[in-house]
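Contents: one structure, followed by commentary.
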Amino acid sequence: VQLQASGGGLVQAGGSLRLSCAASGSIFSIYHMSWYRQAPGKQREFVAVITSGGNTNYADSVKGRFTISRDNAKNTVYLQMNSLKREDTAVYYCKAWIRDEYWGQGTQVTVSS
């Protein structure tokens, strides 16, 4: 599976962004899909997951603000990010997994005050 993340950028606090992660090379619908992020000087952390069956889960820090979704017809997973905070600044990565894991290259999100 090859993953290409996009949609990052610079946004003011309180604003919104939608990240996309396009997959190719395999049957997208069977994979669970996750978003992670890594801020400067910090470890990579879990943000959200959507299973192949459509179940979702979120890190406490983003619950109520971020929404993960998937469009299997487009082989794409999305992360809608609303009410962004400075602490959401990070490189965001998507991951596809069943047993093995596949990572995208990351997209930078910068939230300014």
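What you see is a predicted model, and the numbers here were worked out from it, not measured in a lab. Heads up: numbering here begins at 1 and tracks the sequence.
- With hydrophobic clusters built from ILVMFWY side chains whose heavy atoms lie under 4.5 angstrom apart, V109 does not share a cluster with F46.
- Alongside Y78, the hydrophobic cluster contains no other residue (criterion: ILVMFWY side chains under 4.5 Å).
- Applying the side chain to side chain donor-acceptor pair (under 3.5 Å) criterion to Q105, with sequence neighbours excluded, gives no partner residue.
- For the atom pair CG (L10) and CD (Q108), the distance works out to 9.5 Å, reported to the nearest 0.5 Å.
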Would you mind writing out the side-chain donor-acceptor pairs for residues 1-8 within the sub-3.5 Å range, not counting sequence neighbours?
none

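- Residues Y102 and V77 share a hydrophobic cluster, clusters being chains of Ile/Leu/Val/Met/Phe/Trp/Tyr side chains in contact below 4.5 Å.
- Going from atom CG of L17 over to atom CG of N82 covers 9.5 Å, rounded to the nearest 0.5 Å.
- Rounded to the nearest 0.5 Å, atoms CG (L19) and CD (Q80) are 9.0 Å apart.
- Taking R18 as the reference, nothing meets the salt bridge (charged side-chain N to carboxylate O under 4.0 Å, His left out) condition, with sequence neighbours excluded.
- By the salt bridge (charged side-chain N to carboxylate O under 4.0 Å, His left out) test, K42 pairs with no residue at all, sequence neighbours left out.
- Side chains of M81 and W35 form no contact here, defined as non-hydrogen atoms less than 4.5 Å apart.
- The distance from the OG1 atom of T110 to the CD atom of Q12 is 13.0 Å, given to the nearest 0.5 Å.
- Checked against salt bridge (charged side-chain N to carboxylate O under 4.0 Å, His left out), D100 has no partners two or more places apart in sequence or in another chain.
- Formation of a donor-acceptor pair under 3.5 Å by the R44 side chain with backbone atoms of V91 is not found in this model.
- Residue pairs that meet the salt bridge (charged side-chain N to carboxylate O under 4.0 Å, His left out) test with at least one member in residues 72-92, sequence neighbours left out, are R37-D88, R65-D88.
- Listed by chain and number, the residues in a side chain to side chain contact (heavy atoms under 4.5 Å, CB included) with A13 are V111 (sequence neighbours excluded).
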Would you list the atom pairs, donor with acceptor, under 3.5 Å between side chains in residues 27-34 and any protein atom, with sequence neighbours excluded?
residue	atom	partner	partner atom	Å
Y31	OH	S26	OG	3.4
H32	ND1	S52	N	3.0
S34	OG	W97	NE1	3.0

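- Residue pairs that meet the salt bridge (charged side-chain N to carboxylate O under 4.0 Å, His left out) test with at least one member in residues 3-17, sequence neighbours left out, do not exist here.
- Residue pairs meeting the ring-ring contact (aromatic ring centres under 6.0 Å, His included) criterion with at least one member in residues 52-73: none, sequence neighbours excluded.
- Here the closest non-hydrogen pair linking T76 and S20 is CG2-CB, 4.2 Å.
- In terms of the side chain to side chain donor-acceptor pair (under 3.5 Å) criterion, residue partners of Y36 (sequence neighbours excluded) are, by chain and number, K95.
- Side-chain atoms of C21 and Y92, non-hydrogen and from C-beta on, never get closer than 4.5 Å to each other.
- In this structure, the separation between OG1 on T67 and CG on L79 is 8.0 Å, given to the nearest 0.5 Å.
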